[in-house]
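Computed from a predicted model, the values in this text were never measured in an experiment. We name chains A, B, ... by the order of the sequence lines, and we start the count at 1 in each one.
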Amino acid sequence: MKKISVYLFAFTAILLLNIDVAFAEDAPAKIVAADTAWMLISSALVMLMVPGLALFYGGMDRGKNILSTLMLSFISLGVITVQWVLFGYSLAFGGDIGHFIGDFSYVALNGVGLEPNGTIPHQLFMVFQMMFAILTPALISGAIVGRMKFTTYIVFIVLWSTLVYDPLCHWVWGGGWMSDMGALDFAGGLVVHISSGVSALAACIILGKRKGFPREAMPPHNLPLTLIGAGLLWFGWFGFNAGSALAADTVAVSAFVVTQIATGAAILGWVFTEWIHRGKPTFLGAASGAVAGLVAITPAAGFVGPISALLIGALAGLICYLAVVAKHRFGYDDALDVFAVHGLGGTVGALATGLFASAAIGGTDGLFFGNPSQFGTQFISVAAAWIYSFGVTFIILKVLDATMGLRVSEEEEVTGLDLSLHGERGYTI
Amino acid sequence: MKKISVYLFAFTAILLLNIDVAFAEDAPAKIVAADTAWMLISSALVMLMVPGLALFYGGMDRGKNILSTLMLSFISLGVITVQWVLFGYSLAFGGDIGHFIGDFSYVALNGVGLEPNGTIPHQLFMVFQMMFAILTPALISGAIVGRMKFTTYIVFIVLWSTLVYDPLCHWVWGGGWMSDMGALDFAGGLVVHISSGVSALAACIILGKRKGFPREAMPPHNLPLTLIGAGLLWFGWFGFNAGSALAADTVAVSAFVVTQIATGAAILGWVFTEWIHRGKPTFLGAASGAVAGLVAITPAAGFVGPISALLIGALAGLICYLAVVAKHRFGYDDALDVFAVHGLGGTVGALATGLFASAAIGGTDGLFFGNPSQFGTQFISVAAAWIYSFGVTFIILKVLDATMGLRVSEEEEVTGLDLSLHGERGYTI
Amino acid sequence: MKKISVYLFAFTAILLLNIDVAFAEDAPAKIVAADTAWMLISSALVMLMVPGLALFYGGMDRGKNILSTLMLSFISLGVITVQWVLFGYSLAFGGDIGHFIGDFSYVALNGVGLEPNGTIPHQLFMVFQMMFAILTPALISGAIVGRMKFTTYIVFIVLWSTLVYDPLCHWVWGGGWMSDMGALDFAGGLVVHISSGVSALAACIILGKRKGFPREAMPPHNLPLTLIGAGLLWFGWFGFNAGSALAADTVAVSAFVVTQIATGAAILGWVFTEWIHRGKPTFLGAASGAVAGLVAITPAAGFVGPISALLIGALAGLICYLAVVAKHRFGYDDALDVFAVHGLGGTVGALATGLFASAAIGGTDGLFFGNPSQFGTQFISVAAAWIYSFGVTFIILKVLDATMGLRVSEEEEVTGLDLSLHGERGYTI
Amino acid sequence: MKKLEAIIKPFMLDSVKEVLTGMEIQGITVTEVKGFGRQKGHTELYRGAEYTVDFLPKVKIEVVLKEELVEKAIEKITETASTGKIGDGKIFVSPIEEVVRIRTGERGESAI
Amino acid sequence: MKKLEAIIKPFMLDSVKEVLTGMEIQGITVTEVKGFGRQKGHTELYRGAEYTVDFLPKVKIEVVLKEELVEKAIEKITETASTGKIGDGKIFVSPIEEVVRIRTGERGESAI
Amino acid sequence: MKKLEAIIKPFMLDSVKEVLTGMEIQGITVTEVKGFGRQKGHTELYRGAEYTVDFLPKVKIEVVLKEELVEKAIEKITETASTGKIGDGKIFVSPIEEVVRIRTGERGESAI
Ligand SMILES: Nc1ncnc2c1ncn2[C@@H]1O[C@H](COP(=O)(O)OP(=O)(O)O)[C@@H](O)[C@H]1O
Ligand SMILES: Nc1ncnc2c1ncn2[C@@H]1O[C@H](COP(=O)(O)OP(=O)(O)O)[C@@H](O)[C@H]1O
Ligand SMILES: Nc1ncnc2c1ncn2[C@@H]1O[C@H](COP(=O)(O)OP(=O)(O)O)[C@@H](O)[C@H]1O
């Protein structure tokens with residue numbers, strides 16, 4: 001009897017200890033304060049990317065459109081915050097419908113409370129994802145600065161977010177067909193960068209060129225603003241990439257480290273390519289290279305190691321530079337090169353993930369580590385994201401063109417949108 | 001005997017386990033690393049609001065006063081840091097004297113060490129609160145830019161901090177009569193925004209108008225600076241509001257989420273109201289709306305849910321816009337609209353807390369959730385904060401006017417304060 | 001038998017519990033999520049200091065060199081990221097060779113994985129240190145703006161990082177002779193500030209004066225940029241100093257608090273000294289004072305208490321101001337006063353650590369707390385850092401001068417480096 | 001036809017514009033300039049160093065007008081822009097031989 | 001020798017420069033100015049307040065040229081810079097008595 | 001009375017100001033302008049694209065002075081501002097019929 005009771009006790013005690021351990025490691029139902037802290041700050045960091053982007057773009061544009069350019073990003077913080085609360089989050093992360101879209105279960109954040117979702121409160125996951133949803137349409141705006149009607153733009157981003165972003169987000173992160181297929185997209189190479197970059201291409205083709213392009217030089221009006229923007233983007237991107245681990249764990253650390261390395265390498269990739277090509281290393285090239293590197297490592301972070309990141313970054317700097325140069329061959333007016341940097345940078349990253357992914361880092365091997373099928377999966381997901389984004393954006397804009405009109409009048413364009421659309425001027429120095 | 005020893009052991013073991021659990025959950029006397037991490041970064045975030053505010057204000061002011069405007073905020077980082085260390089913290093959080101003010105027990109941070117205060121070290125709580133104390137007088141400066149003597153301003157913020165901020169802070173957060181009464185002010189709607197906003201009104205009435213106001217147009221000289229400021233303020237405000245939970249817990253998450261939602265909604269509230277009223281949506285309106293939303297949700301965060309936040313934000317955008325327009329009727333020269341945005345925005349938020357508070361979120365119900373008395377409590381606390389802030393600020397400034405003088409000479413004002421007071425110019429481009 | 005098994009079990013259980021506790025408190029081999037969260041954000045904060053520094057410097061320089069000045073800092077994010085990955089980290093933190101330098105064990109981050117290093121993953125420690133390595137050469141750039149060849153600069157920072165920074169870092173933090181000796185340098189007063197400040201002095205002496213200096217006035221071209229820079233630097237410095245605790249613990253809190261206090265006091269120290277000396281309190285003085293305070297508290301943070309910090313800060317403001325003024329006596333052209341602020345500020349801080357350190361805070365007493373030998377140790381380490389930095393920088397630059405050439409042509413200098421070296425202009429407003 | 005170039009203190013611009021438009025003057029062109037004259041410059045501070053800035057911000061107003069308006073315009077400007085302090089500025093009068101309105105091609109006085 | 005001063009709309013600068021250099025004109029000096037004229041200013045918004053900005057951004061082109069080129073230059077500028085809308089600007093012609101090329105010290109027409 | 005307008009390279013401003021004030025010249029007005037001339041512009045880079053900037057930054061110095069000072073001033077400016085390289089600039093001399101000092105209402109040479 002005594003013996004039994006001892007064993008019983010020992011068993012119970014060990015069980016308890018095990019439960020405790022299990023609890024900490026596997027149970028999805030407990031909030032971890034450290035993860036909450038990290039995801040709070042990560043969410044704030046991603047929010048900061050929106051003003052960062054506004055500045056990055058604003059500095060590159062002409063002075064007469066500076067406020068208009070800032071506004072295109074900033075207004076997304078208003079419009080998409082509300083869209084996401086009302087139904088966007090539900091479409092992306094609500095109960096799966098046909099592996100294509102979420103249902104209406106989370107409309108108006110109904111049922112999205114403070115209970116755990118993984119190791120953080122559900123609302124925290126929701127708000128972290130909200131920041132991505134806000135940033136993505138703002139990325140597109142770089143292609144269409146200086147000539148789009150503001151009213152139409154607002155309607156556009158609501159439609160685009162609802163019809164392009166939310167479904168894509170569902171496919172990849174919300175339990176849709178791409179995740180089923182095993183496509184890897186750590187922090188949004190497909191969802192954020194390919195979607196916005198390819199849509200930007202569609203948008204600037206439909207919208208047409210800025211008056212005077214490419215004959216007239218349209219040099220950046222205030223590059224120090226672009227540096228501020230690049231700095232804030234980089235800083236915020238640590239939340240974007242390392243935050244996508246959804247925990248303060250080794251995955252987050254790995255994502256953080258490769259983000260830094262790829263970005264550094266991409267600066268060099270862009271600057272040296274330009275140096276060789278044009279004879280001078282430009283500051284704007286360094287800033288652009290950084291963004292190209294950040295874009296390219298986004299899908300790969302969490303799956304690749306430091307040296308792979310070095311290569312991905314350098315490659316992204318090189319390719320995005322060449323893409324920017326090639327633009328002039330094709331003749332579309334992607335004003336601030338959203339397609340070259342985000343569309344192609346994201347594509348480089350998503351494909352590179354299929355090459356460089358290593359099971360030792362993120363559980364899945366890529367082609368270079370003996371798993372060629374992953375590259376195929378990545379290729380399919382990239383192709384799907386391109387086609388879907390381009391197609392739906394094309395349709396949305398054609399409809400808006402026919403109904404509301406896309407472009408401002410020529411006089412408004414010549415005057416500058418700050419004065420003609422917003423009744424303001426950027427500088428009265 | 002054996003039996004007993006087994007039970008004894010089992011009992012002890014279970015006790016130990018229980019203590020451990022209790023320790024983690026209830027004991028107030030243990031530092032939690034995750035909370036410490038979150039409060040460290042929150043403190044840094046609130047510090048960043050001060051340069052953020054400087055830029056937000058600076059961009060809106062005229063170019064000849066840009067450095068002077070930046071300086072009014074920046075110097076608070078020097079002056080109030082020292083004031084807070086020497087005696088400010090003690091007045092606000094020292095042992096309670098008559099529910100009105102703290103005693104001198106913490107003078108020179110005596111006794112403020114690294115021991116726990118809640119789940120974080122006492123010094124961390126002190127430094128987090130220090131950032132609030134620094135920011136608040138800087139908020140006032142927006143009303144009096146372009147015409148106040150710098151020397152007098154320094155004396156003013158020391159006196160104001162000591163006689164207005166520290167007592168108010170004690171009333172609400174330091175164990176004073178307002179907290180006794182059950183007034184809700186999560187992150188400083190009363191302590192920070194009403195106090196500074198109403199004092200700003202007193203200040204600009206006593207100080208008088210800028211030369212040329214309102215006949216002469218005084219357009220903002222550099223709105224991209226204002227965007228940078230707005231971005232940093234928003235970013236920092238996550239530390240301000242979610243940090244006010246003093247822990248990386250669900251309360252912080254809730255505060256964070258409603259902060260984002262109210263701010264987004266307030267952008268739309270302001271922009272659409274202006275659009276209807278003036279025919280154009282302005283960029284400065286979007287930035288101002290964001291700040292109005294941040295102000296209004298400050299007291300309510302942690303007590304209200306997401307949809308309430310949406311309404312509070314939209315309302316704040318609308319009301320603050322109307323208040324800014326109404327200013328011209330009353331004829332005082334609140335240069336950068338501190339009263340309209342912080343005074344009224346804070347009031348909207350503090351009263352709305354009495355309406356929208358929900359026990360399910362923060363433990364207390366407001367009027368709309370069946371507890372009308374809370375609205376009464378909020379109303380009394382708002383009225384008290386208005387009267388106290390206005391009255392004491394009025395007296396301080398009258399005394400300073402009689403002794404040191406408040407205004408610079410007309411020539412200094414016309415030349416611009418940068419050159420006349422600081423011997424510098426903002427730009428030599 | 002039964003008895004024995006009971007005792008055996010009890011023993012085992014207690015052992016397990018003890019291990020668990022020991023694990024949490026002492027064992028170096030377990031990752032703590034809260035520390036990871038804090039170090040992730042701290043690393044991001046230190047990264048942000050690089051664009052912050054670029055802006056701080058850029059605003060002070062002339063408009064024709066703004067991009068060039070930004071570029072000198074920004075390019076370090078590319079160059080040193082790669083250097084650190086390839087071999088820099090290994091030189092600094094690889095296996096010790098003669099207490100002087102690390103070996104090649106960590107080349108290409110070989111062996112630097114996600115296993116614990118203290119309570120955080122090794123890669124996180126590596127990336128946190130990377131940010132320091134990036135920032136430090138960028139600090140030097142302030143001395144040589146407006147006249148150095150960009151190509152040579154890139155080679156210079158690679159050599160400097162390898163031959164000056166990596167060894168010094170090893171001496172102090174990598175297990176080298178200075179740490180053996182007991183020298184205290186919490187966050188890099190020696191490693192970062194004395195090394196860069198003294199090297200800056202060597203650099204501007206060898207490079208020679210800017211054309212026109214000191215006859216021609218070279219006023220800052222855009223001081224609001226300098227404010228943005230100062231704000232980001234201060235914000236990032238919380239990661240720099242409090243992050244140097246490598247954990248979200250009370251040491252981090254103490255370092256954070258004294259950082260804030262010293263910086264506030266240094267603003268007042270600089271501004272009031274200038275006010276007395278020149279009759280006006282300048283905005284640039286306030287911003288410079290802040291940086292001086294941040295520099296001076298860097299080695300002392302974690303070792304000194306709040307009131308000591310107040311004194312150190314005030315002193316740093318005063319001394320750095322006087323040093324900046326004295327510069328004109330000596331006639332070298334340290335364009336943006338890197339030597340006065342970082343070289344001397346770091347020296348003030350490192351020596352003050354030997355005076356004000358208190359065992360109650362960081363385990364070691366300084367002279368004022370009865371341990372005069374610590375001051376001696378500090379003095380020796382400061383002297384060694386001065387001599388080593390000056391000497392090696394001198395040699396590197398002499399070699400580069402003879403091989404690649406250091407200075408741009410006079411025409412390029414007169415035109416401005418933005419146009420002549422980078423083919424760009426900062427502003428087209 | 002004559003051209004009046006008035007170099008004035010910047011904050012006088014609005015008043016001068018008003019008195020001119022109060023006459024039959026329909027067009028003005030304004031340039032921001034820097035002036036050096038009897039009025040001393042000021043000193044500026046840069047990290048404890050003091051340096052003198054000789055050039056002061058001024059505004060140049062150019063008006064082309066009929067001969068008969070010249071005297072009156074000079075008078076009005078002088079009256080309005082004078083503070084009695086050194087640095088109030090100058091008016092220079094010079095001949096204009098032809099005026100063309102670009103929009104219409106009109107010439108001479110009717111084009112002013 | 002004569003000086004032509006043409007006040008034109010800023011976005012016309014490039015075209016006008018081109019037609020002028022298409023003639024035998026070798027040098028142009030351009031200044032950013034603010035103009036006030038028959039063309040109305042615009043209103044701007046500042047936090048719900050509306051205010052009028054009278055001065056519009058214009059560009060002043062100065063060309064010194066030989067007498068025989070004056071008419072042709074006027075014609076070309078008028079043609080190019082005219083949109084037919086109010087605010088297209090003016091051309092003022094005034095006498096220049098001497099031109100000196102700083103580099104060589106040359107004088108007169110050959111120095112232009 | 002005459003007006004000298006000298007278009008010079010910006011970094012020459014200080015030296016020219018000094019030689020002029022070394023003579024009996026008491027006032028100068030300076031404008032930042034952009035010049036187009038024999039001196040070629042430069043190319044700038046924008047994300048791999050190269051474009052030419054024709055207009056170079058120049059400074060225009062205006063001095064009104066007594067007739068007898070004209071030659072000496074021309075000489076001094078020419079000497080000082082000349083680097084011998086293309087783009088050194090021009091001096092234009094034109095007649096001034098009247099000068100008014102706003103502060104006092106003085107006219108003519110004494111008002112200069
Ligand atoms: N001879 C001159 N030629 C050109 N500009 C002049 C001349 N004299 C004065 N000015 C302009 O007029 C401004 C005022 O002149 P100043 O000598 O300071 O005062 P005042 O007009 O009261 O005598 C100067 O800043 C300068 O711009
Ligand atoms: N009398 C004048 N003197 C100087 N500048 C003038 C004069 N009249 C017009 N201008 C300049 O020419 C510009 C265009 O003139 P405006 O009256 O608006 O249109 P328009 O040239 O079509 O009649 C003005 O903005 C102003 O800069
Ligand atoms: N005919 C002209 N009319 C007006 N400005 C001129 C004229 N010719 C030259 N300039 C001005 O003088 C500057 C220098 O002229 P440029 O032909 O480049 O060199 P240089 O004076 O050595 O011949 C030009 O940039 C322009 O501002």
When heavy-atom pairs shorter than 4.5 Å are enumerated against chain A, which of [options] gives the highest number?
{"options": "B/A287, B/P224, B/G317, B/S42", "answer": "B/P224"}
{"options": "B/G236, B/G264, B/S254", "answer": "B/G264"}
{"options": "B/D35, B/L284, B/D249, B/L310", "answer": "B/L284"}
{"options": "B/A34, B/P281, B/G231", "answer": "B/P281"}

With a 4.5 angstrom heavy-atom cut-off, could you sort out which part of [X] is near chain B: side chain, backbone, both or neither?
{"X": "A/L109", "result": "side chain"}
{"X": "A/V112", "result": "neither"}
{"X": "A/T81", "result": "side chain"}
{"X": "A/S76", "result": "neither"}
{"X": "A/M39", "result": "neither"}
{"X": "A/S68", "result": "neither"}
{"X": "A/I228", "result": "side chain"}
{"X": "A/Q123", "result": "both"}
{"X": "A/M71", "result": "both"}
{"X": "A/T69", "result": "neither"}
{"X": "A/L40", "result": "both"}
{"X": "A/I120", "result": "neither"}
{"X": "A/L67", "result": "both"}
{"X": "A/L86", "result": "side chain"}

Identify which of [options] forms the greatest number of heavy-atom pairs closer than 4.5 Å to chain B.
{"options": "A/P121, A/G113, A/P51, A/A248", "value": "A/P121"}
{"options": "A/V127, A/L48, A/T36, A/I41", "value": "A/L48"}
{"options": "A/A54, A/A33, A/G59", "value": "A/A33"}
{"options": "A/V50, A/D418, A/T151", "value": "A/T151"}
{"options": "A/I66, A/L70, A/I154, A/L124", "value": "A/L70"}

Kindly say whether [Y] contributes a backbone atom to a donor-acceptor pair with the side chain of [X] at under 3.5 angstrom?
{"X": "A/Y57", "Y": "A/S141", "result": "no"}
{"X": "A/W237", "Y": "A/M49", "result": "no"}
{"X": "A/T226", "Y": "A/F56", "result": "yes"}

Which region of B/I267, side chain (C-beta onward) or backbone (N, CA, C, O), has a non-hydrogen atom less than 4.5 Å from a non-hydrogen atom of chain A, or is it both or neither?
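Contact with chain A is through the side chain of B/I267 alone.
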Which atoms of B/A252 approach chain A - backbone, side chain, both or neither, heavy atom under 4.5 Å
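Both the backbone and the side chain of B/A252 come within 4.5 Å of chain A.
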Hey, would you say the B/F303 and B/F356 ring centroids sit under 6.0 Å apart?
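That pair fails the under 6.0 Å test.
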Examine A/F93 together with A/H122 and report whether their ring centres are nearer than 6.0 Å.
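Ring centres of A/H122 and A/F93 not closer than 6.0 Å.
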Do A/T162 and A/Q83 have side-chain atoms, one donor and one acceptor, less than 3.5 Å apart?
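The criterion, which ignores hydrogens and geometry beyond distance, is satisfied for A/Q83 and A/T162.
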